[in-house]
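Structure first, then comments.
Residue numbers run from 1 in the order of the sequence given. Values below: every heavy atom of this structure, side chains too, minus hydrogens, waters and symmetry copies.
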Amino acid sequence: MSAPPAARRGPLLLGVRHHGPGSARAVRAALDAARPAAVLIEGPPEGDALLPLAADPGMRPPVALLAHAADDPGRAAFWPLAAFSPEWVALRWAQEQEVPVPVRFIDLPAAHTLAAGTGADLDGDGSGEAGSVRLDPLAVLAGTAGYDDPERWWEDVVEHRGDGAADPLGAFEALAEAMGALREAYGDGGHARDGVREAYMRQRMRAARREFGDDYAVVCGAWHVPALGARTTAAADKALLTGLPRTKVETAWVPWTHRRLARAGGYGAGIPSPGWYAHLFAARDRPVERWLTKVAGLLREEDRQVSSAHVIEAVRLAGTLAAIRGRPLAGLAETLEAVRAVMCDGSDVPLALIEDRLVIGDVLGEVPDGAPVVPLQRDLTRQQRSLRLKAEARQRELELDLRKDTDAAKSLLLHRLRLLGIGWGAPAASRGSTGTFRETWRLRWEPELSVRVAEAGIWGTTVVAAATAKAEADAAGARELGEVTALAERCLLAGLPQALPAVLRALADRAALDTDVGRLAKALPALARSLRYGDVRGTDASALATVAGGLAERICVALPPACAAGPDAQAAAELRGHVDAVHAAIGLLDEEGLRERWSAVLGVLAGRDGVPGLIRGRAARLLLDEGRLPAEETARLMGLALSPAAPPPDAAGWIEGFAQDGTLLVHDERLLGLIDAWLAGVPESAFTDVLPLLRRTFGAYEPGVRRSLGELVRRGRSPKPAPGGAPAGFAPALDPSRADAVLPVLGLLLAGPPA
């Protein structure tokens with residue numbers, strides 16, 4: 001070690017910008033020069049016991065110190081640290097010395113912060129207060145210096161100074177003087193709780209003085225330096241701290257992300273460009289050249305033609321822009337402008353990718369295995385490793401084949417986490433297959449999920465136990481039938497057979513009491529899907545069959561009176577949606593006689609005069625598609641619905657319900673002719689009333705269908721039907737030999753890939 005520094009008056013106060021690489025380099029230089037006997041860092045004292053873990057090889061920033069109320073994990077606060085955070089650099093400096101230097105946190109304890117209800121907004125230092133207007137010291141200093149951009153001012157006066165080895169304390173002295181002037185002019189600047197926090201910090205500094213004299217360093221936000229250096233009495237500070245509320249807290253290290261450090265993510269102490277700052281901190285020389293080389297590599301990965309000549313030209317342009325603007329070095333603004341002009345051909349589309357991937361970035365930190373966590377987190381980590389499901393900050397898609405054991409286990413884990421409110425994965429539409437054995441998930445691990453895991457820990461120590469207990473509690477607290485049926489489906493998807501008895505009891509109780517046909521119709525589809533697809537995951541869904549059958553029967557009884565009660569247009573549209581949902585659900589159920597019962601209900605709806613035209617038309621169409629309504633009867637019903645005696649709005653509603661898919665009208669010109677004749681005969685006074693309904697119906701068709709219908713109407717006459725009544729282009733009867741020829745190919749298509 002070098003010789004001890006010369007004696008100084010008072011402790012070494014190093015005011016920094018949180019997550020500033022220039023501050024971080026200057027802190028290391030100042031600590032190397034001063035060699036203090038202890039280092040005090042702004043942070044919650046409850047984290048002191050976790051500080052040794054920072055030296056573990058498995059700890060890789062960005063990470064955050066998480067503190068949450070022991071009895072309410074949802075009340076939590078984070079103290080994030082990146083590799084370029086001055087606090088992290090000071091912590092690691094103390095641990096890397098030949099004789100490790102004591103290091104401690106000195107901010108207001110999280111026990112007070114969380115009890116007072118502040119800090120839960122995840123603003124970085126636990127000091128945020130909802131509704132307070134906070135002064136931005138950098139913005140004021142930048143404006144005073146004539147800059148319109150605080151980030152550009154900070155780059156010029158701090159980031160472009162180098163490591164500060166020539167004068168390691170000069171920047172800190174200048175910044176402390178500036179903050180003193182700001183506090184004199186603006187008071188607390190909207191930082192209402194800073195007086196309490198600074199009183200506690202001064203108490204911790206007095207304790208350090210009794211142990212180390214003045215030979216210690218304090219690393220804190222630059223705003224606090226004038227207050228920490230002010231002369232105050234211990235009694236005055238104690239008076240500020242007396243009577244503060246307190247709660248029991250637990251702490252842990254959790255992974256953090258560069259994206260969560262960005263202000264765009266809502267982080268109160270955030271920075272706009274964490275990826276850029278990480279690069280500045282890691283690149284000891286030629287930062288612009290190295291950065292533009294990274295940009296070129298990213299663009300090449302996206303199949304853009306970027307050569308070494310592009311990089312050289314971009315470096316020159318960035319330097320020229322900096323010189324024109326009077327900047328000591330090219331900053332982020334100049335490099336991005338150079339990239340847009342040289343590498344992106346002036347387009348903002350690839351530039352947005354660069355800003356997302358490199359300026360912000362998706363770096364996710366790591367925490368060592370021995371770090372304290374709640375038991376649920378430990379079980380989740382074990383399953384993530386056994387299933388090779390790595391938590392990543394960048395969003396990615398995961399394709400699962402549920403016929404494979406490992407993929408099925410991944411699906412169960414993700415569904416269980418969703419049931420617990422831990423939204424690591426979100427289901428997405430599968431590409432290239434509609435089979436029930438396929439699942440697609442979009443995965444992204446956000447730091448806040450660590451809080452969700454801690455919250456879910458009250459339900460159990462393992463994922464399956466916690467999800468089971470949570471499902472049982474949700475079933476008991478559900479107010480509507482639809483909530484319970486959706487919960488039953490989620491339990492089956494998550495493979496929670498132990499939770500099903502409680503869910504089924506709640507389901508039966510609410511189904512017996514609910515008489516609203518709309519709620520019954522909303523509840524049935526989830527049960528039908530569970531019964532139809534439960535066997536794909538190997539779960540036993542047979543217990544739901546009785547409940548689903550009972551719901552279907554009650555819907556069949558209640559739906560016709562509900563539709564005949566004269567609902568208005570909005571209610572009729574909702575009932576039409578219920579009819580479609582129930583029809584699809586009954587198609588999935590195997591209960592004997594149920595489809596015939598439902599077809600009879602549709603027949604009643606299609607032929608009853610008091611039912612709105614929208615529902616009558618939809619019922620007729622469903623029966624026609626099922627082959628239960630002859631074409632002649634369909635034409636008769638359409639003729640009645642479109643007769644001159646029918647009110648035009650009701651007739652237009654019938655068309656909307658019947659002609660939801662225009663393909664039918666393309667292939668059955670007789671039905672199209674009926675609609676055409678009705679439309680031509682609508683009185684002028686009623687035409688403006690029905691036109692919006694017809695436009696909504698026909699406007700939803702595919703462009704090819706609309707063109708075909710227009711051509712048919714333009715021709716004016718339908719071609720003569722083929723012998724036997726078959727449409728033109730079709731044989732009068734089915735040819736069995738030709739039909740059977742497609743079966744081998746169809747079997748290959750439906751078999752799917754080998755397991």
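Residue Gln570 qualifies as open at atom CD: its count of foreign heavy atoms under 6.0 Å is 12 or below. Within a 6.0 Å sphere centred on CZ of Arg388, heavy atoms belonging to other residues, nucleotides or ligands number 12 at most. For Gln384, the CD atom is densely surrounded, since the number of other residues' heavy atoms within 6.0 Å is greater than 12. Heavy atoms of other residues, nucleotides or ligands lying less than 6.0 angstrom from CG of Asp740 number more than 12.
Side-chain atoms of Glu46 and Thr251 form no donor-acceptor pair, as typed in the model, at a separation below 3.5 Å. Counting only N and O atoms by type, the side chains of Thr381 and Gln377 include a donor and acceptor under 3.5 Å apart.
The two atoms that bring Leu623 and Ala606 nearest to each other are CD1-CB, 4.5 Å, heavy atoms only. Closest approach of Ala456 and Ala466 over heavy atoms only: O-CB, 4.1 Å. Residues Glu397 and Arg442 come closest through the heavy atom pair OE2-NE, 3.5 Å. Summarising the geometry of Lys410 relative to Leu387, their closest heavy-atom pair is CE-O, 2.9 Å, with the distance given to 0.1 Å. Between Ala488 and Leu500, the shortest heavy-atom distance links the atoms O-CD2, 4.3 Å. Leu419 and Ala467 make their closest contact through CD2-O, 3.5 Å (heavy atoms, listed as atom of the first residue, atom of the second, distance).
Using the six-membered ring where Trp is involved, Trp424 and Trp445 have ring planes that are perpendicular, over 60° apart on the 30 and 60° scheme.
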Report the C-alpha separation of Thr257 and Asp362 in whole Å, then their side-chain angles, then the decisive distance to 0.1 Å, and conclude whether the side-chain contact (heavy atoms from CB on, under 4.5 Å) test is met. CA-CA 6 Å; Thr257 66; Asp362 288 308; over 6 Å; no

Going through the distances and angles, do Arg385 and Asp369 end up as a salt bridge (charged side-chain N to carboxylate O under 4.0 Å, His left out)? CA-CA 12 Å; Arg385 289 178 178 171; Asp369 295 339; 2.4 Å; yes

Walk me through whether His415 and Glu439 qualify under side-chain contact (heavy atoms from CB on, under 4.5 Å). CA-CA 11 Å; His415 278 294; Glu439 267 190 0; 3.0 Å; yes

Could you walk me through whether Val451 and His68 pass the side-chain contact (heavy atoms from CB on, under 4.5 Å) test, one step at a time? CA-CA 8 Å; Val451 176; His68 64 83; over 6 Å; no

Output, in order, the C-alpha distance, side-chain angles, deciding distance and verdict of side-chain contact (heavy atoms from CB on, under 4.5 Å) for Asp356 and Arg259. CA-CA 9 Å; Asp356 182 71; Arg259 187 172 301 279; 2.9 Å; yes

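Side-chain atoms of Arg60 come within 3.5 Å of backbone atoms of Leu364 as a donor-acceptor pair (strictly under, hydrogens ignored). Remark: side-chain polar atoms of Asp48 are paired, donor with acceptor, to backbone N or O of Phe105 under 3.5 angstrom. Side-chain atoms of Arg595 come within 3.5 Å of backbone N or O of Gly587 as a donor-acceptor pair. Side chain of Arg438 to backbone of Asp401: no donor-acceptor contact under 3.5 angstrom is found. Between the side chain of Thr461 and the backbone N or O of Gly457 there is no donor-acceptor pair closer than 3.5 Å. Between the Arg416 side chain and the Ala494 main chain, a donor and an acceptor come within less than 3.5 Å of each other. No donor-acceptor distance shorter than 3.5 angstrom exists from the side chain of Arg260 to the backbone of Glu448, with no hydrogens or angles considered. The main-chain N or O of Pro245 is found under 3.5 Å from a side-chain atom of His112 such that the two form a donor-acceptor pair. Side chain of Arg75 to backbone of Leu114: a donor-acceptor contact under 3.5 angstrom is found.
At a threshold of 4.5 Å between non-hydrogen side-chain atoms, the residues Leu65 and Trp253 count as touching. Side chains of Val254 and Val63 form no contact here, defined as non-hydrogen atoms less than 4.5 Å apart. Annotation: side chain of Glu626 is not in contact with side chain of Leu602 (no heavy-atom distance under 4.5 Å). For the pair Ile271/His258, no side-chain contact is recorded, criterion being any heavy-atom separation below 4.5 Å from C-beta on. Residues Leu389 and Leu443 meet the side-chain proximity criterion, which asks for heavy atoms closer than 4.5 Å. Using a 4.5 Å cut-off on side-chain heavy atoms (C-beta onward), Glu489 and Leu492 make no contact. Looking at heavy atoms from C-beta onward, Leu66 lies out of side-chain contact with Trp256 at the 4.5 angstrom threshold. At a threshold of 4.5 Å between non-hydrogen side-chain atoms, the residues Ile586 and Ile555 do not count as touching.
For Trp88, there are no ring-ring contact (aromatic ring centres under 6.0 Å, His included) partners two or more places apart in sequence or in a different chain.
Expressed to the nearest 0.5 Å, how far CD of Glu574 lies from CD1 of Ile615 amounts to 10.5 Å. Atom CZ of residue Phe658 and atom CG of residue Leu614 lie 13.5 Å apart, to the nearest 0.5 angstrom. The line from SG of Cys491 to NZ of Lys470 is 10.5 Å long, rounded to the nearest 0.5 Å. Here Leu493 contributes atom CG and Leu412 contributes atom CG; the two are 9.0 Å apart, rounded to the nearest 0.5 Å. The line from NE2 of His578 to CG of Leu575 is 6.0 Å long, rounded to the nearest 0.5 Å. In this structure, CD1 in Ile422 is found 11.0 Å from CG in Leu414, a value given to the nearest 0.5 Å.
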